Amino acid sequence: MISVKNIFKNFDKLEVLKGVSCEIQKGERVVLIGPSGSGKSTLLRCMNLLEEPTYGEVWLESDLLTSIDPYLHLDIIRLSKTYKELFSQRKEANPQMSDEEIDSYLISEIKEKDLLKKHEGKEYKKAIKELEKKNRVDINLARRDMGMVFQHFNLFNNLTVIDNLTLTPVTLGLKTKEEAEKTAMELLKRIGLSDKRDEYPAKLSGGQKQRIAIVRALAMNPKVMLFDEPTSALDPEMVGEVLDLIKELADEGMTMVIVTHEMGFAKEVGTRVLFMDNGKIAEEGTPSEVFDNPKNPRTIQFLKAVL
Amino acid sequence: MGYVFEGLLHTLIITVIAALIGLVLGFIVALVKISAENNKYMKIPAIICQIYTTVFRGTPVALQLFIMVFAVFAIPGFKPYAAILTFGINSGAYVSESIRAGISSVDRGQLEAGRALGLTWNKTMIKIIMPQAIKNIIPAIGNEIIALLKETSIIGMIGATAGTLTFDLNAASETIYKSVPNFLACGLIVGAFYLAIVYLLTFVIKIIEKRLRASDKR
Ligand SMILES: Nc1ncnc2c1ncn2[C@@H]1O[C@H](COP(=O)(O)OP(=O)(O)O)[C@@H](O)[C@H]1O
Ligand SMILES: [Mg+2]
């Protein structure tokens, strides 16, 4: 469903993601855990390109969301001026080596030392352009398939509950106003908030806001849902109602990626756990592997602190 | 007394035209600056706009007036128009900042939520951000117009009595000075007129503000 390929994310000088790769399969419920500041939110936000990765690629099924990262395509590296120049130099210096050997050394050297420059010749540029033309999609289209739920709900403050749910499908011409309202009312009924249809967000409790934010995302029929600490901003007595709704979605087979500090919930609902530390995935496995039998000392230390 | 009313009328005309110029200019400049964060082709226009707002907000309007009237537009008979233009351009710098500040006062999460749902930047701006920003923008612009109204009084400094026109309340007060032998009284009368207009404008802004608040029952 989502492929994250070797992404790096820098905010100015600060390196937040330092080479993260992961595959989210259809039907999976991947839980992201890790200390605060380890890059969980940034990784999640890179998946729908709210943050643009500095290097690396993000794919949604067969659609490329980022630009092409030449380092991930050996055939493109081979078209670069840098490669060609170095290749003939090396060949001259090491006549005993085969072309294949030189190639494999050179590729890893270029990758390691980040030798590709901005301009690497026409052929190289053309190859990248072609690959992007073939695979890259309009991010606005891709985002329709990826629902996102934020820590602070982010309901549209200027719109009533019903308009929060219908604005996007109607504005994008996906549904008529009547159709969108019908879907919206079904979703509101499902979470028991149909009486709030004409309220403004400011009149709602945190738990109500977050449940509405979740169904607002569902109203777009997404293929995957991304949750960024959906219960962290809630009063304790409201955490349950939001987690229950997410569990329901899980039972229906929704693919999801969840950043959370609720370890019990993570264990119950997750099919796979990724432990992030310092911008990298430090450990991954099934919930029982990671929670009951952690291997990485950082994971052990983290779990000890939170459990 | 007729002089005062003529001066009053001119003050209002200058203010309205300058305010319109300021609004249009300020809106365009704000739009350029804001869209630069999303559109790389707007980067250079945004820098130009930044220079414009910095210069016009960072120097006294009286100085701008002198430069515009006696250097840039030193055309005979053009004085009053150059003055109006200066007030408009000066006001535009402030208006653009009011608009920009209003927009950046809206929580960033609102934009992110719109974008995450698949709305374009433009659509999110129009449907989500602007309706929330306007509540901060309108009162700020109202205050800007009040400041502008009072600022136009310095037009007397450039002696902009174009032909037979007495060009502002202050100029009118000079005229009164001849018939009312008390200078202080002149000042007080003119001051009272300013006060009345400003009070009226403030009142109108308050009403608009209240309307805006009522429309979002938060
Ligand atoms: N927009 C940003 N600009 C600058 N730094 C940021 C930004 N977003 C996140 N960071 C920094 O990146 C690091 C990781 O943040 P984040 O992904 O939010 O961590 P987590 O969600 O695991 O707590 C933090 O040090 C944070 O301060
Ligand atoms: Mg976070």
Side-chain angles (χ1 to χ4, degrees), chain A residues 41 44-45 47-52 60 137-160 163-174 198-204 209 212-214 216-222 224-228 233, chain B residues 27 30-31 34-43 46-47 98-141 208-218:
Chain A
S41 299
L44 198 73
R45 292 159 58 83
M47 289 182 183
N48 68 352
L49 246 67
L50 279 187
E51 302 291 355
E52 195 169 352
L60 176 67
V137 292
D138 177 3
I139 186 62
N140 294 310
L141 291 179
R143 282 181 181 141
R144 297 179 189 179
D145 291 331
M146 300 194 275
M148 184 169 229
V149 175
F150 300 86
Q151 184 175 350
H152 294 105
F153 332 126
N154 296 350
L155 287 182
F156 301 134
N157 292 323
N158 57 320
L159 300 179
T160 58
D163 289 346
N164 261 276
L165 269 65
T166 57
L167 176 82
T168 313
V170 173
T171 304
L172 296 178
L174 303 174
D198 296 319
E199 291 286 5
Y200 282 88
K203 287 268 181 72
L204 304 169
K209 280 187 205 170
I212 288 166
I214 292 171
R216 176 177 68 177
L218 290 180
M220 296 294 292
N221 275 321
V224 53
M225 290 280 285
L226 310 174
F227 294 89
D228 191 0
Chain B
F27 190 75
L31 216 61
I34 293 156
S35 55
E37 75 179 62
N38 185 55
N39 184 339
K40 61 178 184 230
Y41 299 109
M42 284 296 184
K43 290 264 149 71
I47 293 172
S98 300
I99 295 176
R100 219 176 55 88
I103 287 172
S104 46
S105 72
V106 177
D107 176 18
R108 191 160 178 84
Q110 299 284 307
L111 178 67
E112 290 184 348
R115 299 306 310 275
L117 283 165
L119 290 174
T120 60
W121 187 88
N122 286 340
K123 284 260 160 64
T124 315
M125 274 293 163
I126 294 166
K127 301 268 181 181
I128 308 298
I129 309 300
M130 283 315 275
Q132 295 182 51
I134 205 87
K135 296 184 173 81
N136 300 323
I137 293 173
I138 297 270
I141 287 181
I208 297 175
E209 233 175 310
K210 238 185 214 157
R211 280 265 174 85
L212 288 172
R213 289 269 150 70
S215 77
D216 77 334
K217 304 180 187 77
R218 283 193 251 166

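Just so you know, these numbers use all the heavy atoms, side chains as well, and skip hydrogens, waters and symmetry mates. Here is the naming used below: chain letters follow the sequence lines, and residue numbers restart at 1 for every chain. Predicted model only: the values in this text are computed from it and were never measured.
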Under 4.5 Å heavy-atom distance to chain B, tell me which part of Met146(A) shows up: side chain, backbone, both or neither. backbone
Of all heavy-atom pairs linking Phe156(A) and Ala113(B), the shortest is CE2-CB, 3.9 Å
Residue pairs fulfilling salt bridge (charged side-chain N to carboxylate O under 4.0 Å, His left out) with at least one residue in residues 138-149 of chain A, sequence neighbours excluded: Asp145(A)-Lys223(A)
Give the member of Leu226(A), Val149(A), Thr160(A), Leu155(A) that has the highest number of heavy-atom pairs under 4.5 Å with chain B. Leu155(A)
For the backbone of Leu50(A) and the side chain of Glu112(B), can you confirm whether one donor and one acceptor N or O come within less than 3.5 Å of each other? no
Please state whether the side chain, the backbone, both or neither of Arg45(A) comes within less than 4.5 Å of a heavy atom of chain B. side chain
Would you list the atom pairs, donor with acceptor, under 3.5 Å between side chains in residues 115-130 of chain B and any protein atom, with sequence neighbours excluded?
residue: Arg115(B); atom: NE; partner: Leu119(B); partner atom: O; Å: 3.0
residue: Arg115(B); atom: NH2; partner: Asn140(A); partner atom: OD1; Å: 3.1
residue: Thr120(B); atom: OG1; partner: Lys123(B); partner atom: N; Å: 3.1
residue: Thr124(B); atom: OG1; partner: Thr120(B); partner atom: O; Å: 2.6

Let me know if Leu159(A) has heavy atoms under 4.5 Å from chain B in its side chain, its backbone, both or neither. side chain
Find the distance between CG (Asn154(A)) and CZ (Arg108(B)) and round it off to the nearest 0.5 Å. 11.0 Å
Whatever's closer than 4.5 Å to a heavy atom in chain B on Leu167(A) counts as side chain
